[in-house]
Each structure stands twice: as structure tokens, then as C-alpha cells.
Amino acid sequence: MRVLRLKKKKEISGVLKTGRRAHAESVTIVYFPAKETRAAVCVGKKFGKSVRRNRIKRLLREAFRTNAHGMKPCAILLIPKVAEEYSYARFERDLRKLFKREKLFES
RNA sequence: CGAGCGGGCUACGCGGUCGCGGCGUACCUCUGAGUACGAUGAGGAAAGUCCGGGCAUCGCAGGGCAGGACGCCUGAUAACGUCAGGUGAAGGCGACUUUAAGGACAGUGCAACAGAAAUAAACCGCCGCGCUUUUGCGCGGUAAGGAUGGAAAGGCGAGGUAAGAGCUCACCGACGGGACGGUAACGCCCCGUGCCAUGUAAACCCCGUCCGAUGCAAGUUUGGGCUUCGUUCACAUAGGGCUGCCCGUCCGAACGGAGCCGUGAAUAACGCUUGAGCUUAUCGGUGACGGUAAGCCUAGAUAAAUGACCGCGCUCGACAGAACCCGGCUUACAGGCUUGUCUCGGAUC
RNA sequence: CGAGGCGUAGCGCAGUUUGGUAGCGCGCUUGGUUCGGGACCAAGAGGUCGUGGGUUCAAAUCCCGUCGCCUCGA
């Protein structure tokens, strides 16, 4: 399935204001119920140079994409935490944990 | 064999599954977009933004001052602060490397401390004369020696002298003139001048050359109509425009606020990738580079696309991600491959 | 994309224009004063001048490169 992206600044700041937060070891999510599932990844300058930032975005995006099946539709922000090392396995594990805890799966 | 020097190339590869950007074709359609297939999709530095240009706009912008950049010569180039070939200088046994390398009789400034003296001369010395004659004092000559300093009046040897001194001579250096070679920087040879005068222009400056400003968030198109108010100006003055200023020149209109309806508004499209383009061959040139022919089309996103997992191989993979586009410079970088009538040392024939 | 500024002792700043000695305040150490502490007085320590080159006899200062931080404009 295709994951829609969350683009507009208004929408993002809206989610940040009114959304619900949940934290894990490697990532924080902020979400708000919506008509369709739309996601955005936030990686600022503090994470390093562009190659490093791109790497984080790709890992996180991929982890979200492969685990977003059967989710309740919502607008969601994915915010990684600053760390020495980033791996796909850790992002995937933490995202699954968060989705379960917040009961975002429909079934 | 060892140690070097110079140049060039490359930047993990292959296969499978899932996924992303734009493109083409086909299909469906609720006109929002979607589905399938196909080919395609980051770099040598994409980086830093240090230079140069294209392109765009500012009413095509002429002159002067100010300001900035550059600075051996010749060439290459669209242009350059870049590159190539040379000259001089410095370093290295050498291959070779480095070089902001115009001007200090146009002027101004600075040279701390030390030292007698820093652009001007005599502290200790040395020598002569006079006095005294144990020491020494005075006058004069001198710049060889000592001491200070980054720098002390060309260097070194010989002659010469009371002691000395380019005072004289040879060699080297400097300056001036001439011949020859070279497009030139300059080289080399000959002759002359005993050489009245330091360093610093990455101090101000002088000379020569060049520079209009702003930058793709440039800019173009679409999206709007009505009412009302205000400011400046149309003889001159004044006002306005692309830079700090002045002169010249151009303009007849330009700008701003409020309300109503309408409204996607850091929005959509264009700019946006065919270009001083790339590859191969060949010709000219020492070379940078240029000419000709054939072939090729090779990212174009806009919160921003290259990833994840599995398998195999090896040397176990560095620095690092296009954002208008080119030419350079600078900086970062695991390694691997390759090359030379190249250099030095050792051994052997 | 473009423009500008800063980096000096543990902290906050002078010194850079015009090159020769790095200084001020707070803090620190030692001594004095006090019954003791504070305040005060006296003495002292402490700086690769962000970093790598260059110019110069000599560089915190002049020039070039580079690193980090901050601010501003579109």
C-alpha cells in the first residue's frame, strides 16, 4: 500500500499541538486521528550532515512502511532520537512496540 | 632488489524479494488520481562558496572621483585570481618540487631592545704629533680588528701604507653601455665605472590591467473587480531610476493606505535541463587547447527520490548526497590498478 | 542563495586600527587582620592568543587557507 506523506506546515504544527505522543528507546511518535494515513519524518540539523540525515530518514521511512498494514488512519510524525548508531532492526522493533501500546492496529 | 620522483584510471561487484522519484506506452476513471509494463535515476569532490562566465532583471548603464581585484614573459580560453610552456629565485646528491616574482633616486611612515653609531660615525683599538714620561692626557689620521644587532657601507686574496682605506690589481658581485641569441621575460660575451649608501610596499602609496548592480527566493505567466483617501510631480527648481558620490542622460506618470465581494496563496505552471555537452576516430600544436567526421541524449526533485532484507565473492568498502547551469580553485578521503628512453643506492652479469 | 561578526587566563572582556612589553575585573593560592568568618590589606600563580601555512629581523596584530559558533536579508 502506498503511504501518503504529510506535507503542509499547518498540518504538521497542528499535529504537534493537538496530537498524542508516545516514546520508545530510539524514536518518538506524535499522532492524531485522520481520514487517511499520512506520515512525516523529522530529522533536523543536529543529526549530522546530509548523508547521515538521509540515512536516518530512509531507515525510518522503510520501517514505517513495512509495519503500517492494518493501522487506524491517522496523521503521524516520526521523530528519531540522537544516537551514535542507527539500525533498521531497532527502528522496526520500537515502532511495533509503540503501535501495540497505543492500540493503533484495527483488528 | 631497495628507496624515491612524476603522470593517469577507479571509488565494492553479482543475483533475488519488497519499496521510492520523474519519464514513455497502454488501460480504467468518481477528473482527485490510480493500475500494469518498460527503460532510467547523485559525485570526484555533488562539499566550502574562494574566483570567472552564461542566463535573468534593473528604462542598454557615457564620463570622472571613490572602492575593489590582479601584477616575471609568451600563449590557451567565453572568461578568470585558472591552465600550459618558458625565465629568474629558493630547496634537494638527483629525478624533481616550490614560488603574491612590477616600483624603495614620486613622496610619507616604521626599524623595539642592544650598540659608539641605524642613514648617521668613532666606544675599545691601531698609527702620528705635542705634553708628561710610572700611569696617562690633548689634537689629528683611520675604518683592517673587537663588541651589539636581522642588517654596520661590496666579498676574498695580493700589493701598498705611519696605521689604514677600491688607494691599486686579479677573480666574483653590483651598476652603466654595446654586440649576439630569443616573439618576450631573460641568457651569454665584451667594454667601462672603484661602487656616496640599508631593509620593509602580505605599511600607506606609485605605475599598469580589469571591474555597472543584483542574483533562479533572479525573473515570466495565470489568479481582480468596485468604492474611497492620501503623497510627489508635469516653466524652472524639485521628484523618480541599478551602485557610495558628482556630472551627463532618460521618464510623464508613479507610489501607498482603508473597506466590500472573491480567494489554492512561502500556491500552480514556466525558468529546469541539448549544453562553451559527452564518447570514439583523425588532423594541427612541445602543451593548455583547437579543427573535422561519426555516434549518443545521460537526474530534474520541491519537506525534497537510491533504501530494507536475504544469498555468494573478495582486499570487508573512505570522504561524502544534485537543488539554475558551466569553467576553475580550495578542502575531505579506505584502498586498489597502471605507467615512465625518470632518479639515487646496492648486488650480479 | 547571499551578507556580516566573533574565537585571548577557570568566567566575562581590553589589546589588533599604527607589528616589538599580552592587560583589567571576578574567581584561585599564600600571608596578614579577627576569638572565628566575611569584608579589607599585601604578595603570587595561571594564557598553544581556535588551527595550518606565509610575509617580516620580529606576528595576538599583516596576508592566505581551514575549523567551530553567532547574527541578519531574501
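Side-chain atoms are counted along with the backbone in the values below, which use heavy atoms only and exclude waters and symmetry mates. Letters A, B, ... are given to chains in the order of the sequence lines, protein chains preceding strands, and every chain is numbered from 1.
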Chemist: Could you state the atom-to-atom distance from OH of Y88(A) to C1' of G19(B) in whole Å?
Modeler: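 Nearest whole value for this atom pair: 10 Å.
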Chemist: Which value, in whole Å, describes the distance between the P atoms of nucleotides C73(B) and A185(B)?
Modeler: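 Nearest-Å result for C73(B) against A185(B) at atom P: 9 Å.
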Chemist: Please give the nucleotide sitting opposite C37(B) as a Watson-Crick or G-U wobble pair, both distances under 3.5 Å, or none.
Modeler: G24(B)
Chemist: Hunt down the Watson-Crick or G-U wobble partner of U133(B), both distances under 3.5 Å, from any strand shown, or write none.
Modeler: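 Looking at the geometry, U133(B) pairs with no nucleotide.
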Chemist: Starting at CZ of R61(A) and ending at C1' of A308(B), how long is that distance when rounded to a whole Å?
Modeler: 13 Å
Chemist: For T66(A) and for L59(A), find the nucleotide of RNA chain B with the closest heavy atom, then tell me which residue's nucleotide is more 5'.
Modeler: T66(A)
Chemist: How does RNA chain C look in dot-bracket form if you count Watson-Crick and G-U pairs under 3.5 Å, write [ ] for pairs that cross, and put | where a base pairs with another strand?
Modeler: (((((((..((((......[..)))).(((((.......))))).....(((((..]....)))))))))))).
Chemist: Using atom C1' of each nucleotide, how far apart are C309(B) and C28(B) to the nearest Å?
Modeler: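 Per the computed distance, 34 Å lies between those C1' atoms.
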Chemist: Considering the options L95(A), L98(A), V30(A), T28(A), which one meets the side-chain contact (heavy atoms from CB on, under 4.5 Å) requirement together with L78(A)?
Modeler: L95(A)
Chemist: Which base, if any, makes a Watson-Crick or G-U wobble pair with G81(B), both distances under 3.5 Å?
Modeler: none
Chemist: Does some side-chain heavy atom of I29(A) sit less than 4.5 Å from a side-chain heavy atom of I79(A)?
Modeler: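 The answer is no; the side chains never approach within 4.5 Å.
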Chemist: Whom does A258(B) pair with, Watson-Crick or G-U wobble, provided both distances fall under 3.5 Å?
Modeler: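 Pairing partner, where one exists within any strand: U227(B).
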Chemist: For atom C1', what is the distance between A47(B) and C67(C), given to the nearest Å?
Modeler: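 Comparing C1' positions in A47(B) and C67(C) gives a spacing of 14 Å.
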Chemist: Would you call G16(B) syn or anti, using the 90° rule around 0?
Modeler: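 G16(B): anti.
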Chemist: Please report, rounded to the nearest Å, how far the P atom of U306(B) is from the CG atom of L60(A).
Modeler: 14 Å
Chemist: For U273(B), does the O4'-C1'-N9-C4 (purine) or O4'-C1'-N1-C2 (pyrimidine) torsion place it in syn, i.e. within 90° of 0, or in anti?
Modeler: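 It is syn.
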Chemist: For nucleotides U183(B) and C72(B), find the distance between their C1' atoms and express it as a whole number of Å.
Modeler: 16 Å
Chemist: Quickly work out the K57(A) NZ to A301(B) C1' distance and round it to whole Å.
Modeler: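 Going from NZ in K57(A) over to C1' in A301(B) covers 12 Å.
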Chemist: Only pairs with both distances under 3.5 Å count, Watson-Crick or wobble alike; so what is the partner of U279(B) in this structure?
Modeler: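 A294(B) - that is the nucleotide pairing with U279(B), both distances being under 3.5 Å.
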Chemist: Rounded to whole Å, please give me the gap between CZ in R53(A) and P in U306(B).
Modeler: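 In whole Å, U306(B) P lies 15 Å from R53(A) CZ.
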Chemist: Without decimals, in angstroms, what is the distance between R65(A) CZ and C309(B) P?
Modeler: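 My rounded result for the distance is 12 Å.
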Chemist: Using the P atom as the reference point in each nucleotide, state the distance between C326(B) and U273(B) in Å, no decimals.
Modeler: 14 Å
Chemist: For the residue pair R55(A) and V51(A), establish whether any side-chain heavy-atom pair is separated by less than 4.5 Å.
Modeler: no
Chemist: What's the CG-C1' distance between N67(A) and C309(B), to the nearest Å?
Modeler: 13 Å
Chemist: Side-chain donor-acceptor pair under 3.5 Å between Y31(A) and R20(A), yes or no?
Modeler: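 Note: Y31(A) and R20(A) side chains meet the donor-acceptor criterion.
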Chemist: What interatomic distance, in whole Å, is found between C1' of A288(B) and the corresponding atom of G86(B)?
Modeler: 13 Å
Chemist: Can you check the L78(A) CG to A303(B) C1' distance for me, whole Å?
Modeler: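 Atom-to-atom, L78(A) to A303(B), this comes out as 13 Å.
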Chemist: Donor-acceptor pair, D94(A) side chain versus S26(A) backbone, under 3.5 Å?
Modeler: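 Flag set: sc D94(A) to bb S26(A) pair under 3.5 Å.
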Chemist: For the residue pair P80(A) and L60(A), what are the closest heavy atoms and their distance?
Modeler: CD-CD2, 3.8 Å
Chemist: Calculate, to the nearest 0.5 Å, the distance between atoms OH and OG1 belonging to Y88(A) and T66(A) respectively.
Modeler: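 Those atoms lie 3.0 Å apart.
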Chemist: Should U274(B) form a Watson-Crick or G-U wobble pair with both distances under 3.5 Å, which nucleotide is its partner?
Modeler: none
Chemist: Could you measure the distance from the CZ atom of R101(A) to the NE2 atom of H23(A)? Nearest 0.5 Å is fine.
Modeler: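 Answer rounded to 0.5 Å: 9.5 Å.
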Chemist: Test side-chain contact (heavy atoms from CB on, under 4.5 Å) on E62(A) and F91(A) and set out the steps.
Modeler: CA-CA 9 Å; E62(A) 178 69 16; F91(A) 280 137; over 6 Å; no
Chemist: Working to the nearest 0.5 Å, report the span between NZ of K97(A) and CD of E92(A).
Modeler: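 It is 13.0 Å, given to the nearest 0.5 Å.
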Chemist: Provide the Watson-Crick or G-U wobble partner of C70(B), both distances under 3.5 Å; none if there is no partner.
Modeler: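 Its partner is G208(B).
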Chemist: What does G307(B) pair with, Watson-Crick or G-U, if both distances are under 3.5 Å?
Modeler: C18(B)
Chemist: Using atom C1' of each nucleotide, how far apart are U61(C) and G25(C) to the nearest Å?
Modeler: 24 Å
Chemist: Mind telling me if U298(B) is syn or anti? Syn here is a glycosidic angle within 90° of 0.
Modeler: syn
Chemist: How far, in whole Å, is G140(B) from A122(B) if one measures between their C1' atoms?
Modeler: 13 Å
Chemist: Can A151(B) be described as syn, meaning its chi torsion is within 90° of 0, or is it anti?
Modeler: anti
Chemist: Does a side-chain N-to-carboxylate-O contact under 4.0 Å join R93(A) and E25(A)?
Modeler: yes
Chemist: Using atom names, set out every protein N or O paired with an N or O of nucleotides 316-324 of chain B below 3.5 Å, distance rounded to 0.1 Å.
Modeler:
| unit_1 | atom_1 | unit_2 | atom_2 | d |
| --- | --- | --- | --- | --- |
| G321(B) | OP2 | S50(A) | OG | 3.0 |
| G321(B) | OP2 | V51(A) | N | 3.4 |
| G321(B) | O5' | S50(A) | OG | 3.0 |
| G321(B) | N7 | N54(A) | ND2 | 3.2 |
| G321(B) | O6 | R58(A) | NH1 | 2.8 |

Chemist: Which label fits F99(A) and F64(A): parallel for a plane angle under 30°, tilted from 30 to 60°, or perpendicular past 60°?
Modeler: perpendicular
